[in-house]
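See below for the structure under consideration.
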Number of protein chains: 2
Amino acid sequence: MIQSENKLDIQQLRANADAAGELLKALANPDRLLLLCQLSQGELNVSDLEALSGIQQPTLSQQLAVLRRKKMVETRRMGKQVYYRISSSAALSVIHVLYQHFCAGDAK
Amino acid sequence: MIQSENKLDIQQLRANADAAGELLKALANPDRLLLLCQLSQGELNVSDLEALSGIQQPTLSQQLAVLRRKKMVETRRMGKQVYYRISSSAALSVIHVLYQHFCAGDAK
DNA sequence: CAAACACTATATAAATATATATATTGTTTT
DNA sequence: AAAACAATATATATATTTATATAGTGTTTG
């Protein structure tokens, strides 16, 4: 039955689109992109991120909380510092593509 | 001056993050992703998109309007039909990456 | 030119996200 | 144990997005 196969395809596609949409919503904010861009170079603690991004502390914590909640990052505590790293390979892939398109031409 | 160089880097990064954020915001919705996914295979008119996506007409028009406004797609009229195609290469790149991560394992 | 068709626009209520200020929780140092 | 430090949590006003209903525009057909 072509009709029902087609239906299934749409449902499958929609499920995928929902999942991909969740990922993009987690990334679709300049602050969070900036943070993930820095983290794509390796693990950093919150003070590092604050200095490298120029994001003020309350906003920083709020946006890091979003990234934690949406499973984009994982953390590890060492003494007073909390270190962040990217935990989503899909997020990392998107960050790389964005880097190509939006940062590749920048002077170093 | 290391300090001012650093400042410049942050400003440049932020400008890039703003631009990339605009792109992701345009994509960060399941309906729009589904539409762009279909369009990544080639040009389609609105009736095609409605059938292929299962999105109801008013929502479809609203989301197509968003994609037009944000310059993700371009259109061309042929008689009564309006044909859509992806006009943003950055969007296309992101769609491809998402396909790899979220659709690659699907049964055909 | 009127009806049908394909599509776009407007309106509005509800849900989410953002900006910003303030308070709180752990950890180390003295 | 108190002070200082690094980070998280809460609160709230504003803005943006989404869902949904309804109206309108441009094109072809009879």
Side-chain angles (χ1 to χ4, degrees), chain A residues 14 17-36 38-39 43-87 91, chain B residues 10 14-15 17-36 38-39 43-87 91:
Chain A
R14 176 153 288 285
D18 286 350
E22 283 305 303
L23 170 66
L24 290 193
K25 278 172 66 179
L27 305 188
N29 169 279
D31 288 335
R32 293 195 296 271
L33 277 180
L34 206 45
L35 294 169
L36 291 170
Q38 302 287 5
L39 290 174
E43 205 181 41
L44 292 168
N45 66 37
V46 179
S47 299
D48 295 336
L49 288 171
E50 188 170 10
L52 288 168
S53 68
I55 298 170
Q56 58 191 130
Q57 188 281 321
T59 300
L60 183 61
S61 275
Q62 195 180 32
Q63 297 308 336
L64 287 176
V66 173
L67 292 175
R68 289 197 307 272
R69 183 156 21 89
K70 306 236 178 135
K71 310 287 189 201
M72 297 295 112
V73 297
E74 280 172 0
T75 62
R76 143 182 103 86
R77 178 179 275 272
M78 256 195 57
K80 280 190 284 199
Q81 279 82 25
V82 175
Y83 284 82
Y84 281 75
R85 63 180 177 282
I86 294 181
S87 60
Chain B
I10 290 183
R14 176 153 287 286
D18 285 351
E22 282 305 304
L23 170 66
L24 289 194
K25 278 172 65 178
L27 304 188
N29 170 279
D31 287 336
R32 293 195 296 272
L33 277 179
L34 206 47
L35 294 169
L36 291 170
Q38 302 285 6
L39 290 173
E43 204 180 43
L44 293 167
N45 66 36
V46 179
S47 299
D48 296 335
L49 288 170
E50 187 170 10
L52 288 169
S53 67
I55 298 169
Q56 58 192 128
Q57 189 280 321
T59 300
L60 183 61
S61 276
Q62 194 182 34
Q63 298 307 337
L64 287 176
V66 173
L67 292 174
R68 289 197 307 273
R69 184 157 21 89
K70 307 236 177 135
K71 310 289 188 198
M72 297 296 112
V73 296
E74 280 174 0
T75 62
R76 142 184 103 86
R77 179 179 273 273
M78 255 197 57
K80 281 190 283 198
Q81 278 82 24
V82 175
Y83 284 85
Y84 281 75
R85 64 180 176 280
I86 294 181
S87 61

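Quantities reported herein were computed from a predicted structural model and do not represent experimental measurements. Per chain, numbering begins at 1; letters A, B, ... match sequence-line order.
Not a single side-chain hydrogen bond (donor to acceptor under 3.5 Å, both in side chains) links A:Gln81 to another residue, sequence neighbours left out. For B:Glu22, the salt bridge (charged side-chain N to carboxylate O under 4.0 Å, His left out) test picks out no residue, with sequence neighbours left out. Evaluation of the side chain to side chain contact (heavy atoms under 4.5 Å, CB included) rule for A:Ala91 yields A:Leu23, A:Leu27, A:Met72, A:Ser88 as partners, not counting sequence neighbours. Applying the side-chain hydrogen bond (donor to acceptor under 3.5 Å, both in side chains) criterion to A:Thr75, with sequence neighbours excluded, gives no partner residue.
Straight-line distance from the CG atom of A:Leu67 to the C1' atom of D:dA7: 15 Å, rounded to whole Å. Between the CG atom of B:Leu60 and the C1' atom of C:dA6 there is a distance of 11 Å, rounded to whole Å. Rounded to whole Å, atom C1' of D:dA7 lies 15 Å from atom CG of A:Leu44. A:Glu22 has its CD atom 12 Å from the C1' atom of C:dT16, to the nearest Å. Between B:Leu35 atom CG and C:dC7 atom P there is a gap of 13 Å when expressed in whole angstrom units. Rounded to whole Å, atom P of D:dT8 lies 13 Å from atom CD1 of A:Ile55.
Counting heavy atoms from C-beta on, the side chains of B:Val73 and B:Leu36 come closer than 4.5 Å.
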Under a 4.0 Å heavy-atom criterion, the protein footprint on nucleotides 17-30 of chain C, written with B, S and -, is SSBB-B----BS--

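Side chain of B:Ser61, nearest nucleotide from C:dC7, D:dA7, D:dT8: C:dC7.
Listed by first and then second residue, the salt bridge (charged side-chain N to carboxylate O under 4.0 Å, His left out) pairs involving residues 46-71 of chain B amount to none (not counting sequence neighbours).
Side-chain nitrogen and oxygen atoms of B:Tyr84 include at least one within less than 4.0 Å of the OP1 or OP2 phosphate oxygen of C:dT8.
When heavy atoms are screened at a 4.0 angstrom cut-off, B:Tyr83 is found touching no nucleic acid atom at all.
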